Trainee: 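Below is one structure. I have some questions about it.
The structure displayed is predicted, hence computed values, not measured ones. All ligand and atom numbering here is 1-based and tracks the order in the structure.
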Amino acid sequence: MKFERKNFLWGGATSASQIEGAYNLNGKSLTLAEMRPFNPNLNRKSIEEINNYSKKEYEKSIENVNKLHYPKRYGIDFYHKYKEDIALFKEAGMKIFRMSISWSRIYPNGDENKPNQEGIEFYRKVFEECKKSGMEIMLTIQHYDIPYSIAKNYNGWSNKKVIDLYIKFAATIMEEYKDLVKYWLPFNEINVATLSPITGLGIFREDYKTEYEFLNASYQGLHNQFFAQAKVIELSKNISKNIKMGCMIANITTYASDCNPINILENLLTQQMNRYFYYDVVAKGIYPTYSKRYFRERKIEINITEEELKVIKENTVDYITFSYYMTSTVSKSNQDNNSGNLIIGGKNKFLNATEWGWQIDPIGLRITLNELWDRYQLPLFISENGIGVVEKLDANNTVNDNYRIDYLKEHFIQINEAILDGVDVFGYTMWTPIDVVSLSTNEMSKRYGLIYVDYDDYHNGNGKRYKKKSFSWFKKFIETNEF
Ligand code: BGP
């Protein structure tokens, strides 16, 4: 069986704070991501790991008075090993590399007048290396690594002043890299603003008196990001025709737990506010009517100006990208839950789950692609999908990761089916081509890569890269287009 679409952009995705390391080199400031430690007692099935770290603990981490290990300060040392890694990506046959740029390398405090040239030069070298290797780049402007200075001095994204700081940062890098980078995503998983406000917005629960105030601030922060994204799209039109602007949404496809209309309705309402709302704003340029009822009933008051709504309306995305890891179920009554990294959902007895409780559902990807295509009629791109597993090198210095080959193959088959259904899907970047530090649990031992990296949860190891069995499978698949 062959993959149907020619010139499909196959590749891999990463983010700065999960790979780069070099957290304090060449003018870079500290980010919130680098201030959360590894927790040896973590519960892999709990999504609280990422949200349960207090403002005080973040503050203490600056001096590391706790003497804890902060994995995102070290990543996999891509900062120094990028040439070797890009060479491996090329060898695997990747046509596109999705990465992000660290705001804290370019404007360490956010409000400087001039960018940090050392930061600018680092990314230029990385992009040039990708170009030499014949790979396109998909660049995320902000991927969960908000500079601490912006959280501390501005209270993160709930403050409208941060919009201008971000636009200055985005304008600088668009000018610098317009000839090197074609695909741009202003925010990673923009909906995480409301799912994990500390991660998506850099706002602390402790700064708000009540849960209600915190919720309100997270929707304000989300709106500020919607507007900032639209502004960046507007600006990009004057900077270069080469720039293609998309969005990135953590796709949360859910099914009703059964055919009871009460549960079907509950699932519809969940899909509206957990999923379609975000796509509607960035792809249709409107706040959908159901969201207005949702805000009204919860007394959520967002400061939105007419001018902001106009910019959002006039600057929608050229294409849609989303992450797809799992699906879950929804019912009106209490139910057995399964896990995820940022949201939990109901169990589905027809699906298997990973050790972290993520339910694997390749057919759900075909369903999702069809739904999004029908609804938005915009080109689609799967910007994250993959499986995290605890792995060890065997005696032959490799990992026999047949489960990853199956996972990828099953999802690729469903993408192919969606293409046969007529869906316009033009690319896929797996999470991840190489092992990285986990976003939610900060583990190195949760491995997603085609390439094994010899570091453990405490960054012990020699950092060497080893090809897993899936590396050869992927390479062959790209060469032959055969499943
Ligand atoms: C997505 C994030 C990534 C990534 C992935 C896997 O939500 O965009 O940064 O890490 O999830 O999550 P985790 O690393 O927690 O397993």
Trainee: Check whether NZ of the Lys or CZ of the Arg Lys168 lies under 6.0 Å from the centre of the six-membered ring of Tyr107 and within 45 degrees of that ring's axis.
Mentor: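 The answer is yes, since Lys168 meets both limits relative to Tyr107.
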
Trainee: Hey, which atoms in ligand 1 end up nearer than 4.0 Å to a heavy atom of Tyr448?
Mentor: 6 (C), 12 (O), 13 (P), 16 (O)

Trainee: Cation-pi check, Arg375 to Tyr276: give yes when NZ or CZ is under 6.0 Å from the six-membered ring centre and within 45° of the ring axis, no otherwise.
Mentor: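 Pair Arg375/Tyr276 counts as cation-pi.
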
Trainee: With sequence neighbours excluded, what pairs up with Phe187 under the ring-ring contact (aromatic ring centres under 6.0 Å, His included) test?
Mentor: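 So Phe187 forms a ring-ring contact (aromatic ring centres under 6.0 Å, His included) with Trp157, Tyr166.
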
Trainee: Give the atoms of ligand 1, by number and element, whose distance to some non-hydrogen atom of Trp358 is under 4.0 Å.
Mentor: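 It comes down to these atoms of ligand 1: 6 (C), 12 (O), 16 (O).
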
Trainee: Does the side chain of Thr321 reach to within under 4.5 Å of the side chain of Arg98, using non-hydrogen atoms?
Mentor: no

Trainee: May I ask you to identify, for Trp356, whether its side chain, its backbone, both or neither come under 4.0 Å of ligand 1 on a heavy-atom basis?
Mentor: neither

Trainee: Could you establish whether Gln18 and ligand 1 come within less than 4.0 Å of each other, counting only heavy atoms on the residue side?
Mentor: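 Contact present.
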
Trainee: Which of these passes side chain to side chain contact (heavy atoms under 4.5 Å, CB included) with Val436: Lys72, Gln18, Arg447, Met444?
Mentor: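 Of the listed residues Lys72, Gln18, Arg447, Met444, the side chain to side chain contact (heavy atoms under 4.5 Å, CB included) partner of Val436 is Gln18.
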
Trainee: Just by distance, with hydrogens left out, do Tyr403 and Thr354 show a side-chain donor and acceptor under 3.5 Å apart?
Mentor: no

Trainee: I'd like to check whether Val437 has a polar contact with ligand 1, where a contact means an N/O of the residue lying under 3.5 Å from an N/O of the ligand.
Mentor: no

Trainee: Give the atoms of ligand 1, by number and element, whose distance to some non-hydrogen atom of Asn188 is under 4.0 Å.
Mentor: 8 (O)

Trainee: So between Glu443, Lys446, Glu384, Arg447, whose heavy atom ends up nearest atom 1 (C) of ligand 1?
Mentor: Glu384

Trainee: Can you find an N/O atom of Ser15 closer than 3.5 Å to an N/O atom of ligand 1?
Mentor: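 By distance alone, the answer is no.
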
Trainee: Numbering the atoms of ligand 1 from 1, which are under 4.0 Å from a heavy atom of Glu189?
Mentor: 1 (C), 2 (C), 7 (O), 8 (O)

Trainee: For Phe227, check ring-ring contact (aromatic ring centres under 6.0 Å, His included) against everything at least two apart and list the hits.
Mentor: none

Trainee: With a cut-off of 4.0 Å, which atoms of ligand 1 are near a heavy atom of Ser438?
Mentor: 13 (P), 14 (O), 15 (O), 16 (O)

